[in-house]
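Just so it is clear, the model here is predicted, and its values are computed rather than measured.
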Amino acid sequence: MAKTKQIIVVGVAVALVAVLLAQPIKGLVNDKEETSETEQSSSEINLENVSLMTKQGLDANLIKDISDIETQITKSSGEEKISLLQKLAGKWDDLAKPIPQGFIYEEMAKISPKYEYWLKAGEFYRTAYTNLQDSTLANVLTQNAIRSYEAALKLNAASLEAKTGLGAAMVSGTNNPMAGIALLREVVSSRSKKCRSKQNFGIVFVTISPV
């Protein structure tokens with residue numbers, strides 16, 4: 001299993017490097033105007049707005065169920081609010097809608113800063129921006145993913161899942177893609193060491209086991 005995960009991560013790293021090399025040079029240059037536009041878009045793209053956007057085309061009963069939970073959330077706080085946000089995330093998960101889930105888990109993490117919440121926020125943001133045609137929304141979701149993974153790593157610096165997600169997001173969404181590639185290489189190296197340690201342990205175990 002560890003070897004399979006290692007192969008997957010190596011494949012991701014190689015694919016990301018290939019995508020990076022295929023990008024035009026302009027994409028690697030710091031563009032202040034583009035950054036300013038992204039920051040402005042980020043302030044306009046929030047849970048309320050993405051919820052309205054994602055509800056479009058849904059069954060009326062589903063929309064009502066989701067809206068009822070959202071109304072309850074506005075009147076709640078603390079653990080009760082987290083419980084309702086979790087319930088709301090489950091509704092969107094049933095519909096395979098990752099965009100609002102990213103915002104929901106980030107909101108949960110802001111109320112109760114837990115590694116698991118930040119990691120899930122990053123994962124849902126990353127799922128959402130992958131292959132998204134709306135470049136403005138994709139840029140915002142990528143930056144949200146980076147912020148979430150960074151917060152997760154502050155709580156669990158050894159998390160290979162958070163490092164993998166952050167590395168991938170940095171390659172595709174920052175002006176410093178090499179930093180992302182370095183993180184992915186670190187993950188590959190860590191998985192290789194774990195795999196070798198398990199193999200060595202197995203050899204030692206066989207050696208000392210009674211015949």
Side-chain angles (χ1 to χ4, degrees), residues 1-32 34-35 37-39 41-42 45 98-99 101-110 112-132 134-200:
M1 180 65 71
K3 186 175 181 180
T4 301
K5 289 184 177 180
Q6 178 185 345
I7 293 172
I8 292 173
V9 174
V10 171
V12 170
V14 171
L16 288 171
V17 171
V19 171
L20 173 63
L21 293 176
Q23 296 297 315
I25 298 299
K26 181 180 178 181
L28 304 180
V29 178
N30 184 23
D31 190 333
K32 293 183 179 180
E34 183 177 346
T35 300
E37 291 178 357
T38 300
E39 290 176 350
S41 299
S42 180
I45 299 174
I99 298 179
Q101 288 186 82
F103 285 92
I104 290 169
Y105 276 104
E106 181 173 356
E107 184 66 24
M108 291 168 65
K110 289 177 179 178
S112 178
K114 292 182 179 180
Y115 161 77
E116 292 80 6
Y117 293 160
W118 282 118
L119 181 65
K120 284 189 175 182
E123 294 296 282
F124 281 117
Y125 280 136
R126 186 155 70 103
T127 299
Y129 75 66
T130 302
N131 300 321
L132 190 64
D134 185 334
S135 60
T136 299
L137 180 56
N139 286 337
V140 171
L141 296 177
T142 301
Q143 298 309 312
N144 288 359
I146 290 172
R147 183 176 64 251
S148 299
Y149 284 127
E150 288 176 340
L153 284 171
K154 286 182 180 179
L155 297 171
N156 182 1
S159 172
L160 296 184
E161 290 81 3
K163 287 181 180 180
T164 299
L166 178 58
M170 290 178 71
V171 168
S172 61
T174 71
N175 294 320
N176 187 17
M178 296 309 297
I181 293 174
L183 266 178
L184 294 173
R185 286 175 175 168
E186 181 182 334
V187 171
V188 172
S189 177
S190 296
R191 292 199 185 280
S192 297
K193 289 179 181 177
K194 285 186 177 181
C195 183
R196 286 197 297 270
S197 296
K198 288 182 179 179
Q199 290 173 346
N200 292 337

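Distance CH2/Trp118 to NZ/Lys110: 6.0 Å, rounded to 0.5 Å. Taken from OG in Ser172 to CG in Asn139, the straight-line distance is 9.0 Å, to the nearest 0.5 Å. The NZ atom of Lys120 sits 13.0 Å away from atom CD of Glu161, with the distance rounded to the nearest 0.5 Å. For the atom pair CG of Leu119 and CD of Glu123, the computed distance is 5.0 Å after rounding to the nearest 0.5 Å. With rounding to the nearest 0.5 Å, the separation of CZ in Arg126 from OG1 in Thr164 is 7.5 Å.
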Report task. Assess whether side-chain hydrogen bond (donor to acceptor under 3.5 Å, both in side chains) is satisfied between Tyr117 and Glu107, documenting all intermediate values. Result -> CA-CA 9 Å; Tyr117 293 160; Glu107 184 66 24; over 6 Å; no
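In this structure, the side chain to side chain donor-acceptor pair (under 3.5 Å) partners of Glu186, at least two apart in sequence or on a different chain, are Lys163. Residues meeting the side-chain contact (heavy atoms from CB on, under 4.5 Å) test with Glu116, sequence neighbours left out: Lys114. Listed by chain and residue number, Tyr125, Arg147 satisfy the side chain to side chain donor-acceptor pair (under 3.5 Å) test with Glu106 (two or more places apart in sequence, or in another chain).
Partner of Val171 under the side chain to side chain contact (heavy atoms under 4.5 Å, CB included) criterion, chosen from Asn176, Leu166, Ile181, Leu183: Ile181.
The nearest pair of heavy atoms linking Ala145 to Gly122 is CB-O, 4.0 Å. Residues Ala168 and Leu184 share a closest heavy-atom pair of N-CD2, 4.1 Å. Nearest heavy atom pair, residue Gly173 against residue Ile146, reads O-CD1, 4.5 Å. Of all non-hydrogen atoms in Val187 and Leu160, the two that sit nearest each other are CG2-O, 4.0 Å.
At a threshold of 4.5 Å between non-hydrogen side-chain atoms, the residues Leu137 and Ile99 count as touching.
No donor-acceptor pair closer than 3.5 Å links the side chain of Tyr129 to the backbone N or O of Leu141.
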